[in-house]
2 protein chains.
Amino acid sequence: MARAATTSDAFNAVAEPRRRQILSYLALNERPVGEIVAELGLDQPSVSKHLGVLRDVGLVRVRRQGRHKFYRTNAEAIRPMHAWAGTFERFWQNQLSQVKQQAEETARQAKAKIPENHPKEES
Amino acid sequence: MARAATTSDAFNAVAEPRRRQILSYLALNERPVGEIVAELGLDQPSVSKHLGVLRDVGLVRVRRQGRHKFYRTNAEAIRPMHAWAGTFERFWQNQLSQVKQQAEETARQAKAKIPENHPKEES
DNA sequence: TTGACATATTCCCATATAAGAATGTATTTG
DNA sequence: CAAATACATTCTTATATGGGAATATGTCAA
């Protein structure tokens, strides 16, 4: 089996750097496709395809006005990813404090000249 | 050209659901590969390859102990993704308040047009 | 209707998987 | 050294791209 389809979820959609660019660009204001093309320096079909992927997973919304289609980022769809990454927040905080603790412990041991200590498992 | 390699950055690495599972599983405690295999129900080579991808982008760390290799999540490497998603936070907050405003506006208009139709709504 | 303009879709192709099978490597023990 | 254990790597295969070119679709203007 190959990698999951980019249309399967937001995680796959934002794996592509161009699409992250587009999301950032469309977060402030809605824009017609032509402006996105000019901004990114890609050709129009590529941009349309990226927008299609983002549309399929709900990361952007479209509004048609005459011959133009205005795209804008649907920030709400980014929230689950933020939440997922956020579940690790306490771990990176712990890791930082562990580094500090270990440094302190090492210093203490050096001073006390205690021979050895092994890392633990099971929390 | 195909999508960027999964080894290129954390965004690509976590696009794969199995790898997100592994990261969550290894966030609490370090584990030998065999336990991850048992936990996920994948075969060992697949797990080793996923761990390889995660290792290449710094999302996990390894410690060898005898015949075992203990993997653990390096939460610090998830921080940039959390930060990226966080740049959209003010936008989804705005979008929510816009929805609220629009709802209020709609209610205001309805009340102004058809006052006698609404008994009471003072909240 | 015809033509111009703005996007979207299709086709082709080189590349990147992810899973499974088979094989290779490192480490401990007899 | 040989066997067993724990992982990692290689190979194969079906599938999913992403970009460029060509083409199709949709909308407005004359």
Side-chain angles (χ1 to χ4, degrees), chain A residues 1-23 25-26 29-72 118 121, chain B residues 1-23 25-26 29-72:
Chain A
M1 198 185 285
R3 193 189 305 186
T6 56
T7 53
S8 58
D9 64 7
F11 282 97
N12 276 289
V14 305
E16 169 66 43
R18 305 291 202 175
R19 290 197 281 264
R20 291 200 297 278
Q21 268 187 274
I22 293 177
L23 288 175
Y25 183 56
L26 298 178
N29 307 303
E30 61 176 10
R31 307 278 191 183
V33 178
E35 283 187 28
I36 306 172
V37 169
E39 175 73 15
L40 296 197
L42 282 179
D43 41 58
Q44 177 266 314
S46 288
V47 171
S48 274
K49 276 179 283 189
H50 282 310
L51 289 171
V53 171
L54 294 171
R55 221 189 314 118
D56 287 343
V57 299
L59 281 164
V60 297
R61 294 289 166 72
V62 210
R63 177 176 72 87
R64 156 155 253 153
Q65 184 177 2
R67 282 177 274 193
H68 297 267
K69 285 196 175 179
F70 290 85
Y71 281 85
R72 67 192 154 82
H118 283 276
E121 62 174 282
Chain B
M1 201 185 280
R3 192 191 298 182
T6 55
T7 53
S8 58
D9 64 7
F11 282 97
N12 277 288
V14 304
E16 169 64 43
R18 306 292 203 170
R19 289 196 283 263
R20 291 200 295 278
Q21 269 188 273
I22 292 176
L23 288 175
Y25 183 56
L26 297 178
N29 307 303
E30 62 176 9
R31 304 280 190 185
V33 177
E35 282 188 28
I36 307 171
V37 169
E39 175 73 16
L40 297 197
L42 283 180
D43 42 57
Q44 176 265 312
S46 289
V47 171
S48 274
K49 276 179 283 190
H50 282 311
L51 289 171
V53 170
L54 294 171
R55 219 188 316 119
D56 286 344
V57 300
L59 280 165
V60 297
R61 294 290 166 72
V62 210
R63 177 176 73 85
R64 157 154 251 153
Q65 184 178 3
R67 283 177 274 194
H68 297 269
K69 285 195 175 180
F70 290 86
Y71 280 85
R72 65 193 155 83

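To find a chain, count down the sequence lines: A is the first, B the second, and so on, and within it residues start at 1.
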Test side chain to side chain donor-acceptor pair (under 3.5 Å) applied to [X] - qualifying residues, sequence neighbours left out:
| X | answer |
| --- | --- |
| B/D43 | B/S46 |
| B/Q44 | B/S48 |
| A/E35 | A/R31 |
| B/R3 | A/N12 |

Next on the checklist: For DNA chain D, which residues of residues 37-53 of chain A approach it to below 4.0 angstrom with any heavy atom?
Outcome noted: A/D43, A/P45, A/S46, A/K49, A/H50
Checklist entry - Does B/R3 make a side-chain N or O approach to OP1 or OP2 of D/dG18 shorter than 4.0 Å? => result yes
Next on the checklist: With a cut-off of less than 4.0 Å, is there a side-chain N or O of A/Y71 near OP1 or OP2 of C/dA8?
Outcome noted: yes
Checklist entry - If each of B/G66 and A/R55 is mapped to the nucleotide of DNA chain C with the nearest heavy atom, which maps nearer the 5' terminus, i.e. the 5' end? => result A/R55
Checklist entry - Under the salt bridge (charged side-chain N to carboxylate O under 4.0 Å, His left out) test, which residues partner A/R67, sequence neighbours left out? => result none
Checklist entry - Taking all atoms of both residues into account, what is the closest heavy-atom pair of B/A15 and B/R20, and its distance? => result O-NH1, 3.4 Å
All N/O donor-acceptor pairs, side-chain side in residues 52-63 of chain A, below 3.5 Å, sequence neighbours left out:
{"unit_1": "A/R55", "atom_1": "NE", "unit_2": "A/Y71", "atom_2": "OH", "d": "3.3"}
{"unit_1": "A/R55", "atom_1": "NH2", "unit_2": "A/Y71", "atom_2": "OH", "d": "3.4"}
{"unit_1": "A/R63", "atom_1": "NE", "unit_2": "A/E30", "atom_2": "OE1", "d": "3.2"}
{"unit_1": "A/R63", "atom_1": "NE", "unit_2": "A/E30", "atom_2": "OE2", "d": "3.4"}
{"unit_1": "A/R63", "atom_1": "NH1", "unit_2": "A/Q65", "atom_2": "OE1", "d": "3.4"}
{"unit_1": "A/R63", "atom_1": "NH2", "unit_2": "A/E30", "atom_2": "OE2", "d": "2.5"}
{"unit_1": "A/R63", "atom_1": "NH2", "unit_2": "A/Q65", "atom_2": "OE1", "d": "3.3"}

N/O to N/O distances under 3.5 Å, protein versus nucleotides 2-6 of chain C:
{"unit_1": "C/dC5", "atom_1": "O4'", "unit_2": "A/R67", "atom_2": "NH1", "d": "3.1"}
{"unit_1": "C/dA6", "atom_1": "O3'", "unit_2": "A/R67", "atom_2": "O", "d": "3.3"}

Checklist entry - Partners of A/E39 by side-chain contact (heavy atoms from CB on, under 4.5 Å), sequence neighbours excluded? => result A/Y25
Next on the checklist: By the salt bridge (charged side-chain N to carboxylate O under 4.0 Å, His left out) test, which pairs, at least two apart or in different chains, include something from residues 44-54 of chain B?
Outcome noted: none
Checklist outcome for this item: Expected list for residues 9-19 of chain B near DNA chain C, using heavy atoms below 4.0 Å, is B/E16, B/R18, B/R19
Checklist entry - Are B/H50 and B/R19 close enough, and set up right, to give a side-chain hydrogen bond (donor to acceptor under 3.5 Å, both in side chains), and what steps lead you there? => result CA-CA 6 Å; B/H50 282 311; B/R19 289 196 283 263; 3.1 Å; yes
